[in-house]
Each structure stands twice: as C-alpha cells, then as structure tokens.
Amino acid sequence: MRAEREKRAVILTSEGQRDAAINSAEGEKQQTIKASEATKQQQINEAEGQAAAILAVADATAEGIRKVAAAIQMSGGFEAVQLRVAEQYIGRFGELAKASNTIVLPANVADVGSMVALAMNMIRRPDAAATPPAR
C-alpha cells in the first residue's frame, strides 16, 4: 500500500511539474504575442502620424501655390514675378561666385534682362503664350 501511495505521489508530482511547464510556456507565448501586437500597433500609429503630417504639408503647399497664383493674376503680379526672378538670379549668381573659383558662365552673363526674359518664357501666363513677353 505504501508503494502504491509513493507511486501516486510521484505521478502527481510529475503531472504538477508538467502542468507548471505548460502554463509557463503558454504564458511566455502570450507575452510574445502581446509584445508583437504592441509593436505592430505602434508602427501603425507612427505610419498614420507620418501620413497625416505629409498630407498637412501637401495641403499647406497647395494653398500657398493657390495664393501665389491668385496674386500673380492681380494687377502688377506678373511684373512682381519678373522682379523676384531677377533678384534670385543675381543672388544665386553671387553665391556661386563666392562658393567656387571655377565658374561656368552663360555667354551673356551681364544681360540680366535676357536671363529674366528666358526664365519668364518658361513660366509665361497661358493667355500670353501666343505673344512674346515685353522686355
């Protein structure tokens, strides 16, 4: 009878250890799954945030372009664009001259008016496309 009790005790101990190991493994499995799901959700949230930021920048850029286009259509707007292009040409040319001792120059570098006219031909108003811009 004593041997039978010892046998049962060993079996119960073994089953208890097995159940404990199963429970531990199941707990680790659930922990891994939860950590993976948390990482996935974090990545989704970050991607959605980045997408929202990109859309906000795109909307703001589009609104800015609309405002500039409207301003150009106003009286004197196109002339203001010409002035801005000339200012940027002169500024960038000055930066280029400061930054390097080797410069590739256009043949008519001193003729700012022709450079502005060339740039304005590229951005000419649709209604003026048939006629050359005034100098």
First locate atom CD1 of Ile72, then atom CD of Glu79, and finally report the distance between them rounded to the nearest 0.5 Å.
11.0 Å

Please tabulate, one pair per line, all N/O donor-acceptor pairs under 3.5 Å involving side-chain atoms of residues 15-25, not counting sequence neighbours.
| unit_1 | atom_1 | unit_2 | atom_2 | d |
| --- | --- | --- | --- | --- |
| Asn23 | ND2 | Asp19 | O | 3.3 |
| Ser24 | OG | Ala20 | O | 3.1 |

Got a second to check how far Glu26's CD is from Lys29's NZ, nearest 0.5 Å?
5.0 Å

With rounding to the nearest 0.5 Å, note down the distance linking CD in Glu37 to CD in Gln30.
8.5 Å

If two hydrophobic side chains count as joined below 4.5 Å and joins carry through other members, does Val85 share a cluster with Leu83?
no

Can Gln42 and Glu46 be counted as having a side-chain donor-acceptor contact under 3.5 angstrom?
yes

Would a distance-only check, ignoring hydrogens and angles, find a side-chain to backbone donor-acceptor pair under 3.5 Å from Ser14 to Val10?
no

Side chain to side chain donor-acceptor pair (under 3.5 Å) with Arg5: which residues, sequence neighbours excluded?
none

Lys/Arg N to Asp/Glu carboxylate O, Glu63 vs Arg66, below 4.0 Å
yes

Side chain to side chain donor-acceptor pair (under 3.5 Å) filter on Asp59, not counting sequence neighbours, yields none

For Gln31, does the CD atom have more than 12 heavy-atom neighbours from other residues, nucleotides or ligands under 6.0 Å away?
no

